[in-house]
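Right, one structure below, let's go through it.
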Amino acid sequence: SCLACTSGDKEATDSAKVAGAYVHTYTADVIDPQTAEVMGTRTVRDTIYVKNSGDNYEISNHKWVYNDYENDGWVTTMPEADKPMPTYLTKYDPAMKKLIPAEPDKYPPLYFDDEKIYWGEEKALVYAKVDD
């Protein structure tokens with residue numbers, strides 16, 4: 001009986017810890033198409049927001065870009081390939097530590113691992129939890 005209570009408490013704790021902001025940052029050199037010279041560096045800050053929404057979680061994805069060769073600072077204008085995903089709803093499966101989309105054919109699941117979230121089953125991209 002006590003063991004079952006402890007397990008339930010762990011699942012409730014995991015579920016409460018899922019909500020938050022998670023960030024993946026990546027950089028790449030930008031090549032001038034006319035000269036083939038490196039113009040500078042582009043940094044993309046890809047952020048996943050996980051918010052409680054009743055028994056579900058609302059997932060939203062926002063991206064900002066910073067080009068060190070421009071004076072625009074962080075902007076949200078992104079090339080089409082780097083556009084953020086639309087907002088969608090998920091349910092949390094504590095046994096699998098997975099956020100399962102309400103529309104699984106449209107959106108990938110998110111896997112939760114302590115202070116990190118991963119897209120899809122390969123867990124290729126790591127998003128680290130940050131303070132809001």
Side-chain angles (χ1 to χ4, degrees):
S1 168
C2 209
L3 182 60
C5 293
T6 303
S7 177
D9 291 345
K10 170 86 169 99
E11 288 176 6
T13 301
D14 279 352
S15 181
K17 288 184 357 182
V18 170
Y22 298 82
V23 174
H24 174 77
T25 302
Y26 53 95
T27 60
D29 287 338
V30 178
I31 309 295
D32 184 325
Q34 294 176 344
T35 66
E37 300 274 327
V38 174
M39 293 174 29
T41 303
R42 170 176 290 145
T43 302
V44 177
R45 183 173 293 148
D46 186 359
T47 306
I48 297 173
Y49 294 98
V50 180
K51 295 180 184 174
N52 288 323
S53 180
D55 291 338
N56 298 311
Y57 289 92
E58 181 182 275
I59 308 299
S60 60
N61 175 229
H62 302 277
K63 294 184 181 187
W64 293 269
V65 65
Y66 175 77
N67 294 324
D68 69 358
Y69 53 90
E70 297 177 332
N71 294 321
D72 297 339
W74 287 97
V75 296
T76 57
T77 306
M78 302 290 294
E80 194 61 36
D82 289 327
K83 293 269 186 218
M85 292 181 69
T87 299
Y88 63 98
L89 290 177
T90 64
K91 285 209 175 276
Y92 181 65
D93 179 343
M96 297 186 71
K97 291 190 170 190
K98 179 171 153 177
L99 291 161
I100 302 168
E103 299 178 75
D105 54 324
K106 288 179 80 174
Y107 305 105
L110 290 170
Y111 294 84
F112 176 71
D113 183 14
D114 293 318
E115 297 291 312
K116 296 179 182 135
I117 278 187
Y118 307 88
W119 281 115
E121 293 191 29
E122 291 80 34
K123 300 182 181 180
L125 292 177
V126 178
Y127 291 75
K129 193 168 191 177
V130 295
D131 294 332
D132 292 334

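These numbers were taken from a predicted model, which means no experiment stands behind them.
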query: OG1 of T43 to CH2 of W64: how many Å apart, nearest 0.5 Å?
result: 14.5 Å
task: Specify the closest pair of heavy atoms between P101 and P108, including all atoms of both residues, with the distance to one decimal.
output: CG-O, 3.5 Å
task: Measure the shortest side-chain to side-chain distance between Y57 and N52 over non-hydrogen atoms and say whether it is less than 4.5 angstrom.
output: yes
query: Closest approach of A102 and P104, non-hydrogen atoms and distance?
result: O-CD, 3.3 Å
field: Flag side-chain contact, heavy atom, 4.5 Å: Y88 against K106
entry: no
Within 6.0 Å of CG in D55, more than 12 heavy atoms from elsewhere: no
- request: Go through the steps for V23 and D46 under the test side-chain contact (heavy atoms from CB on, under 4.5 Å), then give the verdict.
  value: CA-CA 6 Å; V23 174; D46 186 359; over 6 Å; no
field: Inter-residue atom distance T41.OG1 - M39.CE, 0.5 Å rounding
entry: 10.5 Å
Euclidean distance, W119 CH2 relative to I59 CD1, rounded to 0.5 Å: 7.5 Å
Path from F112 to M85 over hydrophobic side-chain contacts below 4.5 Å: yes
message: Is there a path of hydrophobic side-chain contacts, each under 4.5 Å between heavy atoms, that joins Y26 and V126?
response: no
task: Return yes if some donor-acceptor pair links the side-chain N/O of K129 with the main-chain N/O of K17 below 3.5 Å, else return no.
output: yes
query: Is it the case that more than 12 heavy atoms not belonging to D105 sit under 6.0 Å from its CG atom?
result: yes
message: Quick check against the 3.5 Å criterion: does D32 have a side-chain atom that pairs as donor or acceptor with the backbone of Q34?
response: yes
message: For the CD1 atom of I48 and the CG atom of L125, what is their distance to the nearest 0.5 Å?
response: 8.5 Å
- prompt: Do Y107 and L99 belong together in a cluster built from hydrophobic side chains that touch within less than 4.5 Å?
  reply: yes
message: Please report the interatomic distance CG(N56) to OH(Y92), rounded to the nearest 0.5 Å.
response: 14.5 Å
- prompt: Considering all heavy atoms of both residues, which atom of A128 and which atom of K116 are nearest to each other, and what is their separation?
  reply: CA-CG, 4.4 Å
- request: Taking the side chain as every heavy atom from C-beta outward, state whether R42 and V44 have any pair of such atoms under 4.5 Å apart.
  value: yes
- prompt: Can you tell me how far the NE2 atom of H24 sits from the CG atom of N61, to the nearest 0.5 Å?
  reply: 11.0 Å
- request: Please name the pair of heavy atoms, one in A21 and one in T47, separated by the smallest distance, quoted to 0.1 Å.
  value: CB-CG2, 4.4 Å
- request: Answer yes or no: is there a side-chain heavy-atom contact under 4.5 Å between L110 and Y127?
  value: no
task: Taking D68 for its side chain and G40 for its backbone only, find out whether a donor-acceptor pair lies under 3.5 Å.
output: no
Donor-acceptor pair, side chain of D93 and main chain of M96, under 3.5 angstrom: yes
